[in-house]
K.L.:
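Take a look at the following structure, please.
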Amino acid sequence: MDAPETLAVDAFLGLLVPVWQVVIGVLVLVTMVVSTRKLLLRGPSRMGGALLLVGSAVIGLAVVSYLLQSL
């Protein structure tokens, strides 16, 4: 009786995976919009540091996403 129960759990988790990807994508998009707005309000003097910060955040999110996906 364990086999059907296990299959149901696997199918349910399989349906949730795309939902988490959408949530992560929306959070990244919101972060980018807020960061861009703040960057534009600060002016060109802070552009270099802000671009490095945003770039490292995007790379960090991509690495974390890849590591979670490979589990």
K.L.:
Kindly write out the residues that satisfy side-chain contact (heavy atoms from CB on, under 4.5 Å) with V34, not counting sequence neighbours, or none if the list is empty.
P.N.:
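Counting only residues at least two positions away or on another chain, V34 forms a side-chain contact (heavy atoms from CB on, under 4.5 Å) with V30, K38.
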K.L.:
Applying side-chain contact (heavy atoms from CB on, under 4.5 Å), can you list everything that pairs with V28, at least two apart in sequence or on another chain?
P.N.:
I24, M32, L61
K.L.:
Who pairs with L68 by side-chain contact (heavy atoms from CB on, under 4.5 Å), at least two apart in sequence or on another chain?
P.N.:
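For L68 the side-chain contact (heavy atoms from CB on, under 4.5 Å) partners, ignoring immediate neighbours, are V64, L71.
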K.L.:
Give the minimum heavy-atom separation between L27 and T31, together with the two atoms involved.
P.N.:
O-OG1, 2.8 Å
